Amino acid sequence: MYNVFLVDDEPFIIEGLEAILEWNDYGLEIVGSANNGEEAWQYLKDHPCDIVVTDITMPKMTGLQLIEKLKDTHSHMRYIILSGYNEFSYVREGIKLGVENYLLKPINLDEFKTTLETTVQKLDQTRARQQAELHNRDILRDNILYRWIRDQIHTEELLQRTELLDIDLNHPYYMVCLIRLETLDKRNQVQQRHDQLDKLDWTWLNKEFEEAYCVREWDGEIALVFGLTKEADKQAVLERLDTWKRKMEERISAYLQITIGSIQSGYLNASASYSHAKQVQPYHLVSMEEPWIDYEEINKYHSSRPSAVRLEIEPYLKLLVDRDKAGVAERLSEDLERLRETDGAEPQDIRNFIVELLIRWSELVKDEEIHLEEETNWFDAIYKVHSIETLKEHVISIASGIIDHYDEPEQRSPVIKQVLTHIEQNYREEMSLKTLAQVFHMSPVYLGQLFQKEVQSTFSDYLNKTRIRAAKQLLIETPYRMTEISEQVGYWDKSYFYKQFKKYVGISPKEYRELHQKQLSEG
């Protein structure tokens, strides 16, 4: 519906125009009128409309003068002139000002209707073009913000695009908060998640935090990027997030996970805050009662504990991948015994070590797309166990379940088992569905379909995950350069290796190595 404003110094003309046709039939609504140009100007300068129908000769300000003034302030408005004077100078001036039509009184109703229809069509076309431009601008804006917080954009391009899109990157500090919808009934998780996402109105989030940049990801997760004037502003942000979270959870009857990244200095380091928020997301598995998970709080806790009570996690991941049940049990027994005998160690340190271990195993299970009993049950049991021996049995049982799944994948045909073994042994070499199909004497199309059906993953995705898992191990255990690691795991293009690593891990290979070196030095 478009708005129409009528201007004429003769009241009966305005009354006649209001009654002459059904304006709604043309998608139009009369929103006001004035008896002279000055009166119309005082209203329209602050309340622009879409169409102005005006007389020319009026006291205080003529219709042409009114149009000329409005053109300077509201360029989108359109004008139709009604006049009792068939003066060529008026017509010429109207054409110069770009009016839609110059109609003589008494008006020809058919011509007036045709003018209105044509004007509405032009307004429709303008609106459609503006909406398309706005949509394209929003897509570009989302893309730039998405790449920015993942450190996937060069500084020069970032600054050019943010200037174009009016994105302000001048805050001294930045902090990223991740918001994810989590259904409480895990047995029907997928369906409930989509149902709840339909009900979740993210526009409420945009209105509540207008100062933040809102970046929506493909799976429904939201990243809020806050620019802070000082580090102490974090507390005010968290209080507002807590209030919004409670209102939204009550509204949709679901649980919202909020993860707080670190505070970083300058826009170039905002991606570190995002990476830190991602890094501690798994803690939601054991802290659902908390309003949020805060990276800095978790990091502060870890750094405050004596180095002797901080045990290594990486060896356990290698033992799982190597299918070494006995090795898991032996190392766990040694580590728990060492913790129990260490001066300064507390019962909470043992529990926290187990929580850290199971979180990493949970990440591994997710990466490998292994379908086991719901992982939250792993953590529930930790708080119910009251002896170290029972706790150890619980962890060994989980490890055994993961390894058994590795050894005996359910409902997998012999050929797919052979293909998986071949990938595990030869992932360093150049490999494709076509070469595999030749090895196993099958059609590439059929092999691809069978692989995806039984492994629940495309071949390329599975191969990439296998290579990235090997790369993570080399980054931690060897001093090899990135180029050497890239080649050792099957990527001959270093830049492609970087791209794939960041896609699957969330941070660059360099950041991954530095993160683990930092943890090792703190330990």
Side-chain angles (χ1 to χ4, degrees), residues 130-181 197 200-231 233-234 236-238 240-241 244-245 248 256-281 292-296 495 498-508 510-511:
Q130 290 173 341
Q131 288 176 342
E133 290 173 355
L134 184 61
H135 178 65
N136 291 337
R137 185 182 176 89
D138 287 344
I139 291 175
L140 179 59
R141 181 187 178 90
D142 289 346
N143 177 266
I144 295 302
L145 292 173
Y146 184 93
R147 292 164 62 200
W148 170 43
I149 62 174
R150 287 163 180 76
D151 194 24
Q152 296 175 352
I153 184 170
H154 293 296
T155 303
E156 184 179 356
E157 181 187 358
L158 175 64
L159 293 177
Q160 288 175 348
R161 296 300 175 88
T162 52
E163 182 180 1
L164 175 68
L165 298 167
D166 297 323
I167 298 173
D168 180 12
L169 297 182
N170 292 320
H171 288 87
Y173 301 97
Y174 287 88
M175 180 180 73
V176 177
C177 302
L178 299 179
I179 303 174
R180 178 182 290 274
L181 183 69
L197 279 172
L200 190 55
D201 184 5
W202 290 115
T203 58
W204 191 9
L205 184 64
N206 287 321
K207 292 176 182 177
E208 184 71 24
F209 302 100
E210 292 180 347
E211 78 280 15
Y213 296 121
C214 187
V215 187
R216 185 165 185 174
E217 302 197 15
W218 66 270
D219 61 351
E221 181 172 283
I222 291 288
L224 276 182
V225 188
F226 288 93
L228 307 178
T229 303
K230 53 185 183 298
E231 293 185 64
D233 292 343
K234 173 182 177 178
V237 170
L238 294 185
R240 289 171 58 203
L241 271 172
W244 174 85
K245 178 178 184 287
M248 186 61 82
L256 289 172
Q257 294 181 354
I258 296 183
T259 314
I260 313 298
S262 56
I263 296 177
Q264 294 291 325
S265 175
Y267 69 91
L268 290 177
N269 296 313
S271 59
S273 181
Y274 173 81
S275 294
H276 291 156
K278 278 287 188 185
Q279 182 182 326
V280 297
Q281 269 188 328
W292 52 70
I293 299 297
D294 189 332
Y295 170 85
E296 291 184 340
S495 62
Y498 268 75
K499 181 179 178 181
Q500 293 301 107
F501 193 95
K502 203 157 190 179
K503 173 183 175 182
Y504 287 98
V505 183
I507 57 178
S508 70
K510 180 175 179 290
E511 290 171 329

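Computed from heavy atoms alone, side chains included, the values below leave out hydrogens, waters and symmetry copies. All values derive from a computational prediction rather than experimental measurement. Heads up: numbering here begins at 1 and tracks the sequence.
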query = Just wondering, do L241 and F209 contact through their side chains at under 4.5 Å, heavy atoms?
reply = yes
Residues passing the side-chain hydrogen bond (donor to acceptor under 3.5 Å, both in side chains) test with D168, sequence neighbours excluded, are N170
Residues at least two apart in sequence or cross-chain that pass side-chain contact (heavy atoms from CB on, under 4.5 Å) with K510, listed by chain then number, are M482, S508, E514
Nearest heavy-atom approach of T229 to P172 is O-CG, 3.5 Å
Original post:
Do Y267 and T162 touch side chain to side chain, with heavy atoms closer than 4.5 Å?
Top reply: no
Rounded to the nearest 0.5 angstrom, the CG-CD1 distance for L228 and I263 is 5.5 Å
Would you be so kind as to tabulate the donor-acceptor pairs closer than 3.5 Å made by side chains of residues 151-160, with sequence neighbours excluded?
{"residue": "E157", "atom": "OE1", "partner": "R147", "partner atom": "NH2", "Å": "3.0"}
{"residue": "E157", "atom": "OE2", "partner": "R147", "partner atom": "NH1", "Å": "3.1"}
{"residue": "E157", "atom": "OE2", "partner": "R147", "partner atom": "NH2", "Å": "3.4"}

Shortest non-hydrogen pair, W292 vs L238, comes out as CZ3-O, 3.3 Å
For E231, the side-chain hydrogen bond (donor to acceptor under 3.5 Å, both in side chains) test, sequence neighbours excluded, returns none
Hits for side-chain hydrogen bond (donor to acceptor under 3.5 Å, both in side chains) against Y174, two or more places apart or cross-chain, chain-then-number order -> none
By salt bridge (charged side-chain N to carboxylate O under 4.0 Å, His left out), E163 pairs with (sequence neighbours left out) none
Next item on the list: Report yes if the side chains of I260 and M175 come closer than 4.5 Å at any heavy-atom pair, otherwise no.
Entry: yes
Look only at the side chain of S273 and the backbone of S262, and say whether a donor-acceptor pair between them is shorter than 3.5 Å.
yes
Rounded to the nearest 0.5 angstrom, the CD1-CG distance for I149 and L178 is 7.5 Å
Residues at least two apart in sequence or cross-chain that pass side-chain hydrogen bond (donor to acceptor under 3.5 Å, both in side chains) with K234, listed by chain then number, are D294, E296
Distance col, row I222:CD1 vs R180:CZ, nearest 0.5 angstrom, shows 10.5 Å
Item to complete: Could you check if a side-chain atom of V237 sits within less than 4.5 angstrom of a side-chain atom of L224, using non-hydrogen atoms only?
Response: no
| Taking side chain as C-beta onward, heavy atoms only, is I167 less than 4.5 Å from W148? | no
Exercise for the section: Taking the side chain as every heavy atom from C-beta outward, state whether I179 and W244 have any pair of such atoms under 4.5 Å apart. Expected result: yes
- Hey, can you tell me if H276 and Y295 have their rings parallel, tilted or perpendicular (30° and 60° cut-offs)? parallel
Sorted by chain and residue number, the side-chain contact (heavy atoms from CB on, under 4.5 Å) partners of S275 (sequence neighbours excluded) come out as I507
Output for pair (R150 CZ, K502 NZ), nearest 0.5 Å, gives 10.0 Å
Any side-chain heavy atom of F226 sitting closer than 4.5 Å to one from E211? yes
